[in-house]
Trainee: 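There's a structure below that I have some questions on.
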Amino acid sequence: MKKQVHSKDVKEAALKLLNDRGVTVEDIAEIVYQMQSPYHPELTMEPCIASVQAVLEKREIQHAILVGVELDVLAEQGKLSEPLQTIVATDEGLFGCDETLALGSVFGYGSIAVTTFGYLDKHKIGVIKRLDTKTSGGRVHTFLDDLVASIAANASSRMAHRLRDEQEAADERQNSVLADGASEQAG
Ligand code: MG
């Protein structure tokens with residue numbers, strides 16, 4: 001019989017890897033908050049956390065985490081073949097496969113995800129900055145920093161669209177209450 005991987009196991013493994021590598025859902029939600037709070041002054045951490053959790057439900061993201069973090073860990077242990085070992089261990093600037101892997105999942109979340117990912121790639125903020133391989137003392141996070149940027153970018157975009165939907169629904173309710181009030185007065 002063909003061996004089959006269960007979705008539950010994939011999700012568990014991906015979340016465990018993030019945790020083992022020192023990244024929490026709250027860390028990523030913190031970035032989402034920073035990215036979206038200028039547009040939504042009332043924003044709290046709660047919807048940011050919920051959005052990160054929703055993004056982490058996607059199998060595509062889970063698979064990217066499995067691949068990227070595996071390579072980081074193997075490079076940290078010196079177990080990759082050369083020249084890949086040195087490229088990943090030193091976070092070689094022109095490598096680009098770390099960004100490409102992470103970028104794969106941002107297209108599904110629309111243009112806000114794509115532009116936020118680009119911004120985070122340039123301006124490393126929060127946990128992304130802490131994960132910088134070049135300054136993290138022997139730890140290799142060449143892939144993980146981009147994966148975190150991608151999750152944060154996706155969660156930001158997802159939340160921006162949801163907040164707009166909620167706002168419009170609230171406006172519609174408000175309008176219908178006003179219309180009801182007006183027709184009662186007229187009647
Ligand atoms: Mg990187």
Side-chain angles (χ1 to χ4, degrees), residues 10-37 48-49 51-160:
V10 174
K11 185 188 163 192
E12 259 179 38
L15 294 181
K16 185 175 182 306
L17 278 181
L18 280 185
N19 233 6
D20 288 352
R21 304 296 287 171
V23 178
T24 65
V25 167
E26 285 76 15
D27 287 333
I28 309 176
E30 198 81 53
I31 302 171
V32 175
Y33 179 82
Q34 279 197 52
M35 290 295 98
Q36 286 299 309
S37 57
C48 302
I49 290 173
S51 199
V52 171
Q53 279 166 338
V55 168
L56 287 170
E57 290 290 329
K58 293 262 174 191
R59 205 171 283 125
E60 199 185 357
I61 306 272
Q62 295 161 3
H63 286 157
I65 294 170
L66 293 186
V67 173
V69 176
E70 182 86 11
L71 287 165
D72 281 349
V73 171
L74 290 175
E76 214 167 85
Q77 298 170 345
K79 286 184 177 163
L80 295 175
S81 312
E82 289 295 359
L84 186 62
Q85 170 62 36
T86 302
I87 292 172
V88 178
T90 60
D91 199 3
E92 160 65 51
L94 295 177
F95 179 48
C97 293
D98 42 349
E99 284 95 355
T100 309
L101 177 69
L103 192 60
S105 69
V106 300
F107 295 117
Y109 282 92
S111 63
I112 298 175
V114 179
T115 53
T116 305
F117 180 75
Y119 178 88
L120 291 173
D121 184 43
K122 253 194 160 16
H123 308 274
K124 302 176 190 307
I125 63 168
V127 67
I128 300 173
K129 198 179 181 87
R130 201 183 79 218
L131 288 173
D132 195 343
T133 293
K134 294 187 176 80
T135 56
S136 63
R139 303 305 300 268
V140 176
H141 299 302
T142 297
F143 281 87
L144 183 58
D145 60 348
D146 299 288
L147 292 167
V148 169
S150 158
I151 298 162
N154 294 341
S156 298
S157 183
R158 183 183 174 280
M159 201 179 64

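None of these values were measured; they are calculated from a predicted model. Along the sequence shown, residues are numbered consecutively beginning with 1. As the structure lists them, so they are numbered: ligands from 1, and atoms in each ligand from 1.
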Trainee: Could you go through Ser157 and Asn154, starting from their C-alpha distance and side-chain angles, then the distance that decides it, and tell me whether this counts as side chain to side chain donor-acceptor pair (under 3.5 Å)?
Mentor: CA-CA 5 Å; Ser157 183; Asn154 294 341; over 6 Å; no

Trainee: For Ile65 versus Leu147, what's the shortest heavy-atom pair and its separation?
Mentor: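 Result for this residue pair: CA-CD1, 3.8 Å.
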
Trainee: Rounded to the nearest 10°, what angle sits at the Mg ion (ligand 1) between OD2 of Asp98 and O of Thr142?
Mentor: 80°

Trainee: With a cut-off of 2.8 Å, does Asp145 place any N/O/S atom under that distance from the Mg ion (ligand 1)?
Mentor: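 Yes, within the cut-off.
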
Trainee: Suppose we only count N/O/S atoms under 2.8 Å; would Asp146 qualify as near the Mg ion (ligand 1)?
Mentor: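 For Asp146, the answer is yes, given that an N, O or S atom comes within less than 2.8 Å of the Mg ion (ligand 1).
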
Trainee: Does the side chain of Ser150 pick up a donor-acceptor pair with the side chain of Ser105 at under 3.5 Å?
Mentor: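 Note: Ser150 and Ser105 side chains meet the donor-acceptor criterion.
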
Trainee: Only one of Leu144, Asp145, Val23 passes side-chain contact (heavy atoms from CB on, under 4.5 Å) with Val127; say which it is.
Mentor: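 Testing each of Leu144, Asp145, Val23 against Val127, the sole residue satisfying side-chain contact (heavy atoms from CB on, under 4.5 Å) is Val23.
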
